[in-house]
Number of protein chains: 2
Amino acid sequence: MGIIELVSKIPLFHGLSREQLDEVVNILIDQTFERGQTIFSEDEEASGFFVVITGQVKIFKVSHEGKEQILHIFGHGESFGEVPVFGGGRFPANAETLAKSRLFFFPRAAFLKLIKKDPSLAMNMLSELSRRLRHFAHLIEELSLKEVPGRLAAYLLYLSERQGGKNELELDITKGQLASLLGTIPETLSRILGKISSQGLIKMQGRKLRILGRKALEDLAESGKLLL
Amino acid sequence: MGIIELVSKIPLFHGLSREQLDEVVNILIDQTFERGQTIFSEDEEASGFFVVITGQVKIFKVSHEGKEQILHIFGHGESFGEVPVFGGGRFPANAETLAKSRLFFFPRAAFLKLIKKDPSLAMNMLSELSRRLRHFAHLIEELSLKEVPGRLAAYLLYLSERQGGKNELELDITKGQLASLLGTIPETLSRILGKISSQGLIKMQGRKLRILGRKALEDLAESGKLLL
DNA sequence: CGGGTACTTGACAATGGTCAAGTGTGGTGG
DNA sequence: CCACCACACTTGACCATTGTCAAGTACCCG
């Protein structure tokens, strides 16, 4: 697929005219990363931001002792690393590929020029950052106000919805990464999966999973607490 | 002070021309809230956003069982409730005054018109939302990767810095609100304050507090763990 | 087939939340 | 001006949830 066509499918650039898309194509840099490569690290000086074309990228924080909290996992069409473009110069978190990935990189200065000229690009960016803020508000709520079983249940229901609302679903990340996304560790996740399996809420084999008690899962996601 | 002068001092509107400021003044609605009043609730339909002129507003989430997590406390010159202006229609959290407050309300449609015409207003908003994202990333890190003593130490150091870097400082919120800001409850906060007092890191009386062991506090804030 | 990684399980420790009771204090009204 | 009430805060005893450490199993890739 041509670059212009790829760019036109990125939500951030929806609604731009053909000429504007050309300008966007002119400033981007096409990059490929292997699985497990660091894209940038927290506090590193930022010279621009990225859009995922193929692959998966995780954005995360790491504690002193090495525990990791994933803030976001981005896939096709999503952008990351914009904050330092508008704020100050440094990345607020780390970025690493979860799979071999193709990324478009947009240099800061050239992109700022574009956005100042084009109100619809600015509006797209505002709505993207708003979506991001919503996501963070939700994540904070989960981490602070629910226990791990509640977060897990909410995640499974979200995944099911994203995969078409069916009761059969498949994790798109390892359980270790899922643990980090839920703000816990693999051991705890493993135990809780075992517990809700034995209670008949789900059936799990490998990365595939079937929801058997959707109602009970919903209660769990809402209350945030596991009985028993 | 005249409204135009108040508006010109709001960071969001820095760099606007006199004519643009006039337009801003034309669309705003001047409102007053008593202490403890609800400004909006989560999931409520939003028709615009707010800027704090005087007073204090907390933005927070509440769990099923009533535990509260404060996302942000806003004071003079700061704006809140912008997310639904750009994203979809509903507020992602609750807002309530901590003191009697004067707020300027900006209706969504009129504000969107302004921002589309004015690139510098759009850029100000982008940098404000970026700052907000940074704050959330930091909050998530604190909640997920540090224990309560670490969060408390980090907060005290932040407060000290905000109050001029001195070792004497004064809380601007109740300890109960502070607990909610740190993602814990008053009992736990009270115990930890007691513990670090008896270790000689701080001396606390009422809302006033003196830092006695800055180095030790810094270690604590960084490692996130309290020894002993 | 071998080796590393992902995952699971068990025993244990500890952080922090719950419940309950008590202390202190500021503000209001008698 | 003082008494009382409400509310903020503290303290104690208890316990649930979750993290740590250690070991063992399963599985995928070369």
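Just so we're on the same page: letters track the sequence lines, and every chain starts at 1.
- A salt bridge is defined here as a Lys NZ or Arg NE, NH1 or NH2 lying under 4.0 Å from an Asp or Glu carboxylate O, and A/Glu45 with A/Arg90 meets this definition.
- Side chain of B/Glu96 to main chain of B/Ile59: no donor-acceptor pair is present (N/O by atom type, distance under 3.5 Å, no hydrogens or angles).
- A distance-only check finds no donor-acceptor pair linking the side chain of B/His76 to the backbone of B/Thr54 [under 3.5 Å].
- Between A/Glu147 atom CD and D/dC15 atom P there is a gap of 17 Å when expressed in whole angstrom units.
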Could I get a table of every N or O pair under 3.5 Å where one atom is in the protein and the other is in nucleotides 10-12 of chain D?
| unit_1 | atom_1 | unit_2 | atom_2 | d |
| --- | --- | --- | --- | --- |
| D/dT10 | OP1 | B/Lys175 | NZ | 3.2 |
| D/dT10 | OP2 | B/Ser190 | OG | 2.9 |
| D/dT10 | O5' | B/Ser190 | OG | 3.0 |
| D/dG12 | N7 | B/Arg191 | NH1 | 2.9 |
| D/dG12 | O6 | B/Arg191 | NH2 | 3.1 |

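- Side-chain contact, B/Arg162 with B/Tyr158: a donor N or O sits under 3.5 Å from an acceptor N or O.
- Distance from the side chain of A/Thr184 is smallest to D/dG19 among D/dG19, C/dT15, C/dG17.
- Rounded to an integer number of Å, the gap from CD1 of B/Ile185 to C1' of D/dC9 is 13 Å.
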For nucleotides 22-28 of chain C, give me every protein contact, N/O to N/O, under 3.5 Å, one pair per line with atom names.
none

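- Checking side-chain atoms of B/Ser8 against main-chain N and O of B/Glu5 turns up a donor-acceptor pair under 3.5 Å.
- Residue A/Gly183 is classed as a sugar-phosphate contact, given heavy-atom separations below 4.0 Å to backbone atoms only.
- Between A/Leu98 atom CG and C/dA6 atom P the separation is 11 Å, expressed in whole Å.
- Atom-to-atom, CG of B/Leu145 to P of D/dG19 comes out at 11 Å; the value is rounded to the nearest Å.
- Side-chain contact of A/Arg214 with A/Ser160: a donor-acceptor pair under 3.5 Å is present, judged by distance alone.
- Between B/Phe13 and B/Phe106, the ring centre distance stays below 6.0 Å.
- Regarding A/Leu171, its CG atom lies at a distance of 13 Å from the C1' atom of C/dC7, rounded to whole Å.
- In this structure, the CG atom of A/Leu143 is 17 Å from the C1' atom of C/dG17, given to the nearest Å.
- Using a 4.5 Å cut-off on side-chain heavy atoms (C-beta onward), A/Ile196 and A/Leu220 make contact.
- Residue B/Ile196 contributes atom CD1, which lies 15 Å from atom P of C/dT15 at whole-angstrom precision.
- Following rounding to the nearest Å, B/Leu178 (CG) and D/dA8 (P) show an atom-to-atom distance of 14 Å.
- Proximity of B/Glu44 to B/Asn94: side-chain heavy atoms (C-beta onward) are nowhere separated by under 4.5 Å.
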